[in-house]
**Student:** 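Take this structure, written in structure tokens, and hold onto it; I'll ask about it next.
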2 protein chains.
Amino acid sequence: MVAQRGRRNGSAPAPRRAPEAETAGAAEVASTASAGAHSARAIPEAAVARLAVYLRVLSAMAEQGATTVSSEELSTAAGVNSAKLRKDLSYIGSYGTRGVGYEVQVLVGQLERILGLTRQHKVAVVGIGNLGHALANYGGFPGRGFPVEALFDIDPDLIGVPVGGVPVSHLDDIPTVCAERGISIGVIATPPTAAQSVCDRLVAGGVQSILNFAPVVLQVPEHVEVRKVDLAVELQILSFHVARRAADEAGSAGTTADGTKDVVVS
Amino acid sequence: MVAQRGRRNGSAPAPRRAPEAETAGAAEVASTASAGAHSARAIPEAAVARLAVYLRVLSAMAEQGATTVSSEELSTAAGVNSAKLRKDLSYIGSYGTRGVGYEVQVLVGQLERILGLTRQHKVAVVGIGNLGHALANYGGFPGRGFPVEALFDIDPDLIGVPVGGVPVSHLDDIPTVCAERGISIGVIATPPTAAQSVCDRLVAGGVQSILNFAPVVLQVPEHVEVRKVDLAVELQILSFHVARRAADEAGSAGTTADGTKDVVVS
DNA sequence: TGGTGTGAAACTCTTCACAGCG
DNA sequence: CGCTGTGAAGAGTTTCACACCA
């Protein structure tokens, strides 16, 4: 029997509202709120990610003085095909001119609106190790709109030290500091063992969105959104593709140039 | 040369007409029966990512002395539901025992095999700024299997300086050094402007897989696999969800300022 | 008995292809 | 005429539910 790891350490009594029917019911990470009668998720999750890319490309184009773009141009620059781009844009409305294309400024404005970039989202970074340091130093983070306003670590030597202009606070102060400063996005860059506890404190501090760099599956109340960036998984996916390719080639050629034995399955 | 698989239905011989330069995204993963060996119907891209997660969870369980797991336990720990887990595992074969579960060691072994972790994948990190530094210092990267064996930057002050035990080389030497050391995975942590050029050199050095942290769409030959990690996009997706939630709440409270066309709604 | 493995249904996302408008 | 916007077809994923067997 596998020892179950401790789960959420209790504090806030999770205001659950959709009891799982399944045994153990792993939270369905469904992108949207459950079964709401209304609250439609108009825009597909996958499309949202691309909208952010379009915005970046458009901003670059605007800087170069472009005033209009066709779906063809924009899609090429964004690395997708034009049908997908038009479909994606159609989710946010009709801002193009048939026979012409899109006005860059208009589209930029609409994308910013949809992505919620018309207001600032204050960011807290937890875990000021190598990665946390790097993140904190982005100072202002990707573009404006995401100012880093709080840093946390557990190392006494770091407490009080300013990194990228913001002094480091102790993990224990996460709830109060986050609440005080109105942090809305928490970034977890701690070792995996600390991640869940840090996450709980962020939630206690009123943080609604979490970007998790720690290789753990976080348990959160359903009103909190979590995105995961997992380096190990990314590398392993790449590894998988290398292996698959090697397998394919071995199948057809059967020779290894490098002297390394190819391990790939029979 | 890997045959392009057409997966259109047999009755619509639509001729491909646009030479769309796609990213090496999730385009083709098929490549199935070609090599005719034994194994599998291709594993869905989405499942591969999860297999890596299962592997991590299983490794942790193994360390704690677990010898068997049920799909229920494992799926809970991995944050998915058990049906999905079983389906995912079924892609790699039948290694479970009905009425009992899976043997942890067996599953770990099979997952490592499928993910190509039975051999090492040497990694090069390009761009030794804050992020690159952090990556280089992971030293050995996530677990073993991904040793960092080359570092590159353009800053003369950095050349020759060892970071995490590996001396930094110049960008110009990327092709030769990568070829010499047999690098198979390149990690791009440079400013966006340098990314494409770095990418080209990595490819010239024989690198087959690239993990790109720079916010640009890379152009690569089709035999090269690219994965993107985009901080700005992640934050903007979180921002979108915060905005949507805010909109929903405002909407239900009847307070929406209807100045702008509002998204959403069923 | 209890849990795996899997066909088939349900759902989501992508691509096609063309109507319609500037 | 050229390009957007979109219904519909297609491909990919997830979920269901149950046969099957250690």
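Letters go in sequence order (proteins before strands), and every chain restarts at 1. Computed from a prediction, not measured in an experiment: that's the story for all the values here.
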**Student:** Under 4.0 Å, heavy atom to any atom of DNA chain C: which of residues 96-108 of chain A qualify?
**Tutor:** A:Thr97, A:Arg98
**Student:** Within this structure, what is the CG-OH distance for the pair B:Leu115 and B:Tyr54, rounded to the nearest 0.5 Å?
**Tutor:**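 With rounding to 0.5 Å, CG (B:Leu115) is 11.5 Å from OH (B:Tyr54).
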**Student:** Please list all pairs passing the salt bridge (Lys or Arg N to Asp or Glu O under 4.0 Å) test where one or both residues lie in residues 232-242 of chain A, with sequence neighbours left out.
**Tutor:**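 Non-adjacent pairs meeting salt bridge (Lys or Arg N to Asp or Glu O under 4.0 Å): A:Glu234-B:Arg227.
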**Student:** Send over the distance from B:Leu89 CG to D:dT15 P, rounded to a whole Å.
**Tutor:**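 For the pair B:Leu89 CG and D:dT15 P, the rounded distance is 15 Å.
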**Student:** Under 4.0 Å: is that the gap between some side-chain N or O of A:Ser71 and OP1 or OP2 of D:dT4?
**Tutor:** yes
**Student:** Measure the distance from CD1 on B:Ile43 to P on D:dA11 and round it to the nearest whole Å.
**Tutor:**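 My rounded result for the distance is 21 Å.
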**Student:** Looking at C:dT14, D:dT13, D:dA17, which one has an atom nearest to any side-chain atom of B:Arg86?
**Tutor:**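 Among the listed nucleotides, the one closest to the side chain of B:Arg86 is D:dA17.
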**Student:** Without decimals, in angstroms, what is the distance between B:Asn81 CG and D:dT13 P?
**Tutor:** 16 Å
**Student:** Rounded to the nearest 0.5 Å, what separation is found between the CD1 atom of A:Ile185 and the OG atom of B:Ser239?
**Tutor:** 6.5 Å
**Student:** To the nearest Å, give me how far apart CG (B:Leu85) and C1' (C:dG3) are.
**Tutor:** 12 Å
**Student:** Could you state the NZ-C1' distance from A:Lys87 to D:dG10, rounded to the nearest angstrom?
**Tutor:**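 The answer, rounded to whole Å, is 13 Å.
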**Student:** Counting only N and O atoms by type, is there a donor-acceptor contact under 3.5 Å from the side chain of B:His121 to the main-chain atoms of B:Gly116?
**Tutor:**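 Looks like yes, one N/O pair under 3.5 Å.
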**Student:** Round to the nearest Å and state the distance from B:Lys84 atom NZ to D:dC16 atom P.
**Tutor:**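 One finds 11 Å between P of D:dC16 and NZ of B:Lys84, rounded.
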**Student:** Rounded to whole Å, please give me the gap between CG in A:Asp88 and C1' in D:dT4.
**Tutor:**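 Between C1' of D:dT4 and CG of A:Asp88: 14 Å.
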**Student:** Would you please name every residue forming a side-chain hydrogen bond (donor to acceptor under 3.5 Å, both in side chains) with A:Glu73, sequence neighbours left out?
**Tutor:**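 Once residues adjacent in sequence are excluded, the partners of A:Glu73 under the side-chain hydrogen bond (donor to acceptor under 3.5 Å, both in side chains) criterion are A:Ser70.
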**Student:** Between A:Glu72 (CD) and D:dG5 (C1'), how many Å, whole number?
**Tutor:**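 Rounded to whole Å, this separation is 15 Å.
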**Student:** Between A:Gln196 (side chain only) and A:Gln219 (backbone N and O only), is there a donor and an acceptor less than 3.5 Å apart?
**Tutor:**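 Yes; at least one donor-acceptor contact below 3.5 Å.
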